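Owing to the predicted nature of the structure, the values given are computational and were not obtained by experimental measurement. Because only heavy atoms are used, hydrogens play no part in the values below, and waters and symmetry mates are left out as well, while side chains stay in. Throughout, a chain's letter reflects where its sequence line sits, starting with A, and its residues are numbered from 1.
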Number of protein chains: 2
Amino acid sequence: MQLTHYLGFFAGLLTSGAAIPQVFQTYRTKHARDLSMWQLILLDFGMLLWLVYGISLGDLPLIVANTFSIACYTLLIGMKVRYAKRDTAAC
Amino acid sequence: MQLTHYLGFFAGLLTSGAAIPQVFQTYRTKHARDLSMWQLILLDFGMLLWLVYGISLGDLPLIVANTFSIACYTLLIGMKVRYAKRDTAAC
């Protein structure tokens with residue numbers, strides 16, 4: 001059981017951490033043209049449900065991972081909205 | 001417990017389904033400039049670990065959701081590689 005929890009933590013670390021290079025790339029390039037807004041919205045809402053699921057199971061990996069991801073994807077939605085004009089002008 | 005599992009299924013449906021509009025947008029526009037390759041690789045590898053985690057817990061929502069997501073993100077990695085030359089030429 002211990003090993004399974006470590007596995008969950010490491011999986012959560014990777015899938016949640018995955019958003020970091022995306023957040024940095026989007027902030028650096030100031031472009032979010034090729035990011036699907038629907039993907040970001042569905043991810044954000046879905047991860048909110050995973051968070052509730054994790055809380056109801058008392059599953060710490062799910063809780064930590066999804067809280068962080070929600071923050072990152074909300075940030076990406078904000079940047080996509082903010083860079084929308086520049087994106088339309090670019091290509 | 002039943003309700004918790006339905007919640008998990010719905011959460012998995014949303015976060016896994018979230019990849020669909022991204023796959024379609026990338027295929028339609030033939031551009032993946034603004035997608036971080038690191039994000040896609042980390043997601044793919046992390047979801048493989050979530051899949052193992054789900055299997056070890058016998059958690060069906062985790063198993064189904066992550067299998068589908070792995071397929072989608074592998075497809076996106078393939079498209080990002082394939083459209084790389086076009087992406088560099090465009091902007």
Side-chain angles (χ1 to χ4, degrees), chain A residues 1 3-26 28-57 59 61-62 65-66 69 72-73 76 79-80 83 87 90-91, chain B residues 1 3-26 28-57 59 61-62 65-66 69 72-73 76 79-80 83 87 90-91:
Chain A
M1 197 54 183
L3 186 71
T4 307
H5 263 84
Y6 280 120
L7 186 68
F9 262 113
F10 196 56
L13 210 70
L14 278 177
T15 49
S16 298
I20 299 174
Q22 183 63 65
V23 168
F24 272 95
Q25 176 172 326
T26 306
R28 189 170 46 78
T29 62
K30 309 269 186 272
H31 278 303
R33 296 158 289 194
D34 304 334
L35 295 180
S36 160
M37 182 57 116
W38 271 110
Q39 184 195 29
L40 299 176
I41 291 169
L42 288 174
L43 276 176
D44 232 5
F45 192 66
M47 277 165 177
L48 194 72
L49 291 190
W50 274 127
L51 180 63
V52 178
Y53 179 74
I55 289 167
S56 73
L57 290 182
D59 185 311
L62 276 176
N66 285 293
S69 296
C72 287
Y73 287 106
L76 281 169
M79 286 196 278
K80 181 149 178 87
Y83 303 149
D87 280 344
C91 302
Chain B
M1 196 57 183
L3 187 69
T4 307
H5 264 84
Y6 280 120
L7 186 65
F9 263 113
F10 196 56
L13 210 71
L14 278 177
T15 49
S16 297
I20 298 173
Q22 183 63 65
V23 167
F24 272 95
Q25 177 173 325
T26 306
R28 189 172 44 79
T29 62
K30 310 269 186 272
H31 279 304
R33 295 158 292 195
D34 304 335
L35 295 180
S36 160
M37 182 57 116
W38 271 111
Q39 184 194 30
L40 299 176
I41 291 170
L42 288 174
L43 276 175
D44 232 5
F45 192 66
M47 279 164 176
L48 195 70
L49 291 190
W50 274 127
L51 180 62
V52 178
Y53 180 74
I55 289 169
S56 72
L57 289 181
D59 186 311
L62 276 177
N66 285 293
S69 296
C72 287
Y73 287 107
L76 281 168
M79 285 196 279
K80 178 144 179 90
Y83 303 148
D87 279 345
C91 301

Atom OG of A:Ser36 and atom CZ of B:Arg28: how far apart are they, to the nearest 0.5 Å?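 Separation between the atoms: 9.0 Å.
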
Heavy-atom pairs under 4.5 Å with chain B are the metric here; pick the option from [options] that has the most.
{"options": "A:Gly17, A:Ala18, A:Gly46", "value": "A:Ala18"}
{"options": "A:Leu40, A:Asn66, A:Asp59, A:Leu13", "value": "A:Asp59"}
{"options": "A:Gly54, A:Ala19, A:Gly12", "value": "A:Gly12"}

Quick one: does B:Leu7's side chain get under 4.5 Å of A:Leu49's, heavy atoms only?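 With C-beta onward as the side chain, the pair touches.
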
Going by heavy atoms in the side chains, are A:Leu43 and A:Trp50 under 4.5 Å from each other?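 They are not in contact (no side-chain heavy atoms under 4.5 Å apart), so the answer is no.
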
Proximal component of A:Gln22, with respect to chain B [non-hydrogen, under 4.5 Å]: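 It is both, since atoms from each part get that close.
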
Contact class of B:Tyr73 relative to chain A, heavy atoms under 4.5 angstrom: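 Just the side chain, heavy atoms under 4.5 Å.
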
Assess the side chains of B:Asp34 and A:Tyr83: does a donor N or O sit below 3.5 Å from an acceptor N or O?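 Looking only at side-chain atoms, A:Tyr83 and B:Asp34 do not form any donor-acceptor pair under 3.5 Å.
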
Atom of B:Thr26, atom of B:Leu76 and distance for their closest heavy-atom approach: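 So the two residues come closest at OG1-CD2, 3.5 Å.
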
Using a 4.5 angstrom heavy-atom cutoff, name the option from B:Ala65, B:Ala11, B:Ser56 with the most pairs to chain A.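 Highest number of pairs under 4.5 Å: B:Ala11.
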
